[in-house]
Novice: 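Sharing a structure, written as structure tokens. Questions coming.
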Amino acid sequence: MSGNVADSAVSPTTPAQTIPADLSGQMLELDEDDDLEVFSKDTTNTDGGSFNASIQTSPGSMINQYKFDEEEEEEDPGAKDLFITVDNPESHITTIETFITYRVVTKTTRSEFDSSEYEVRRRYQDFLWLRGRLEEAHPTLIVHPLPEKFVMKGMVERFNDDFIETRRRALHRFLNRIAEHPILSCNEDLKVFLSAQAWELASHKKQGPGFLSRMGETVRAVAASVRGVKNRPEEFNSIQDYVESFSQKMTSLDRITQRIVKEEREYLEEMKEYAPTYTLWSGSEEELAEPLKGVANCLDRCFQETEGQVRQLSDCLAPTLHEYVLSTDTLKAVLRRRDNMQAELEAKNEALAAKRADRDALKEEIDKLEDRVEWANNALKGDWSRWQRSMRSDLKDAFVSTAQKNVDYYEKCLSVWESFLVSMRADVGGVDQQAGGDS
Amino acid sequence: MSASTPKTLCTSGQQSIQDICHPLSAEESVRTPSPDVGNTTGSIGEKDLSLPNGTPVDTSSPASSSSLLNRLQLDDDLDGETRDLFVTVDDPKKHVSTMETYITYRVSTKTTRVEFDLPEYSVRRRYQDFDWLRIKLEETQPTHLIPPLPEKFVMKGVVDRFSEEFVETRRKALDKFLKRVADHPVLSFNEHFNVFLSAKDLNAYKKQGLALLTKMGESVKYVTGGYKLRGRPLEFAAMGDYLDVFTQKLGTIDRIAQRIIKEQSEYLVELREYGPVYSSWAGFEGPLQEPLEGVAGCVANCATALDELTEDMSDDFLPVLREYVLYIESMKTVLKKRDHVQAEYEAKLEAVAFRKEERTAVGPQQPPTDVEKCQDRVECFNADLKADWDRWQNNKRQDFRQLLTGMADRNIQYYEKCLAAWESIVPLLQDRPGSTKTETS
């Protein structure tokens, strides 16, 4: 399973990563904070050095199921070195429960991975865990949402094929977004998720390092949030406003799209009964039999095409819109956390101004905090552009495929009725001669 | 009536219902058509078409011969014979009185038949009058299939009796009804039909007719006596069977079509909400603005197309189904009447045969004129019915061919419009400056 990938050309002791130039083209000062993965930045990678060349050859031959349309970035597409696919859902039945696992296949040239290929099976819970860890580790980075844990009863069955397929696609997108992210993709928990055997993952999950320290931070964050942020930078204000409006629109669109799918399904139910009625009727007619059968055929074809069109809506457009609804929750949370950080900083500065005692210790804390806030702001700005680009690209793709499907749908229905009409008109010549006959 | 300031709605003023004249009643002697009405300028007597209080009725489409011809339905090709009686129903008007509010329709006639005093008539009739006519036809021509009228009663609160849609649907059905009667070689010569088309004051005639009927007795009515039919002749049994199946199929299609229209209307509601959301979202996007506006426009166009399709279905498709359901009901009644006539004949025949055996010794019999009469009746009835059946089958075929073709046409239009809408935004959505890939969704 592990191939001999030509990755030995470069084997630095410290993990080398390519950082896309979209991170506002800034030099990132990364410190050894627990919160952040440590890596050194190499800004020369975008001009296609030998490192990139090797990367281009190895994964280039692999199946890349999903295109990433990042043409607006200056990033070299060949710089991608972590490829993940999620497929092959299988159901597992135990005495206690039934659940689905998905196969997660990873191919990579990154040196922090021991091997260049991995294949593991993961269940939804595992994805949830991973995302939780990523958010904890990077509270001010935008982590792609997961499909929902629960679904409304009566809407969909958990083990229904469509549902599983929709979920699988969303999980695939989730991992790929993480893999694209310059910081998140280096996360240790991600690595474990992608490579560990089931039992290894289970024991790793139990460790939860730094749990208590996270608790402490959370408490502080909550305390800070009560105070509120005083001087939010303007760009975050406009991001906040945008997210508000966007969230509103997405929720509406999501809701209406669901209702449209429901209406169309009800319509399909009627159509299913409609066409056969004409066929039945034609059985008791003579001269009208052909036209009636013709109509039945048209209705039946249109019914089938409509089924396809509804599927497109519910498999492609609806999930995309829904994902972005979930996305806005993440955005709001990230903005909030950033605010909290800033609020904490402001609070400490005020304390500094007020207190005389312990100034040095406080000053040191403040310096650290300032760095963190600044880093968080920059990272968020970078993530924000990345998010916007993804959003536009995702939605455009969804619209395009919906439009193309619709064009195809209407064309097919149109031609079915047109050929019926032609046959009806051709009949007319023969019919008049039969006028007066019995039916 | 008080000649108050002319209003657009005619009111008869404060009078008891019995004294309220039909608009254009004979009281206004000025309105009686004069011998020289046959002028060739075209519009049928503007003098006919004004209301008691002097307000002229709006004749936006004067019932000139050319416009009448233009409004003919398809069945003028039916027999290929030269027509000599053209009838049209149009121009609905609302009448408000203290007692009630109702609609009248203009009934315009053009004819060369000698049974009519004049070549042209224009009268106003309300639904009640059509109903009366139909009953009269059923009474006086019981062996014939009388075309149906649109439903008499509508659920108040569910249907708005004065909405444009309802009135127009009804008008079309009434028009069809009169045209069918006018096409019928026997019914069109019916006395009551003649009066319906030509009389200024139908009410007076109605009252008169009522008195006459009670005097004359029920000779024309076929009483459903206690005669039991042995068996329907094969051809009539086949008719009955066919009608049963047909009515069932129509009923199913009507039901499903209605449900489909309802679904489509609900879907339309969603679409009408959907488009604007994309539009308002576009308002605060940058690069995505055009695509979103495009999608919003597209959704709006599809919504309009769907609206038209649904409306056409309601206006043109469903009424035909309903009309035939009503038609079939009246046909079944006629079949039953025929059965009774036959039953009566058979019973009398038996009785005579029985008596014959008893009286062989007595002497020459009286001619069983009663039985002969019955036999005549049966034979006439059967002949009339068969002829009408063929005629009905023909009409039915034409009507339904037209219905199905219309259905195809409307669907084609709908799909064409939606196709055009979506086709136009595909390039817009795919417009990616500097894109090196082609979309292969």
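To find a chain, count down the sequence lines: A is the first, B the second, and so on, and within it residues start at 1.
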Novice: Which distance, rounded to the nearest 0.5 Å, do you find between the CD of B/Glu285 and the CZ of A/Arg392?
Specialist: 6.5 Å
Novice: For residues 410-425 of chain B, which residue pairs pass the side chain to side chain donor-acceptor pair (under 3.5 Å) check, not counting sequence neighbours?
Specialist: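 Residue pairs passing side chain to side chain donor-acceptor pair (under 3.5 Å), neighbours aside: B/Glu308-B/Lys417.
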Novice: Return the CD1 to CG distance between A/Ile260 and B/Leu271, rounded to the nearest 0.5 Å.
Specialist: 5.0 Å
Novice: CZ of A/Arg255 to OH of B/Tyr274: how many Å apart, nearest 0.5 Å?
Specialist: 11.5 Å
Novice: Return the CD1 to CH2 distance between B/Ile253 and A/Trp281, rounded to the nearest 0.5 Å.
Specialist: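 Going from the CD1 atom of B/Ile253 to the CH2 atom of A/Trp281 covers 5.0 Å.
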Novice: Hey, are A/Glu270 and B/Lys262 close enough for a salt bridge, meaning a charged N less than 4.0 Å from a carboxylate O?
Specialist: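 Salt bridge: no.
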Novice: For the atom pair CZ (B/Arg401) and CD (A/Glu287), what is the distance rounded to the nearest 0.5 Å?
Specialist: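 With rounding to 0.5 Å, CZ (B/Arg401) is 5.0 Å from CD (A/Glu287).
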Novice: What part of B/Val277 lies closer than 4.5 angstrom to a heavy atom of chain A: side chain, backbone, both or neither?
Specialist: both
Novice: Is A/Glu285 salt-bridged to B/Lys396, going by a charged N under 4.0 Å from an acidic O?
Specialist: yes
Novice: Quick check: does any side chain N or O of A/Arg425 sit under 3.5 Å from a backbone N or O of B/Thr405, one acting as donor and the other as acceptor?
Specialist: no
Novice: Nearest 0.5 Å, please: how far is OG in A/Ser284 from CG in B/Asp244?
Specialist: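 So the gap between those two atoms works out to 11.0 Å.
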Novice: Give, as side chain, backbone, both or neither, the part of B/Ala420 having an atom under 4.5 angstrom from any heavy atom of chain A.
Specialist: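 Neither part.
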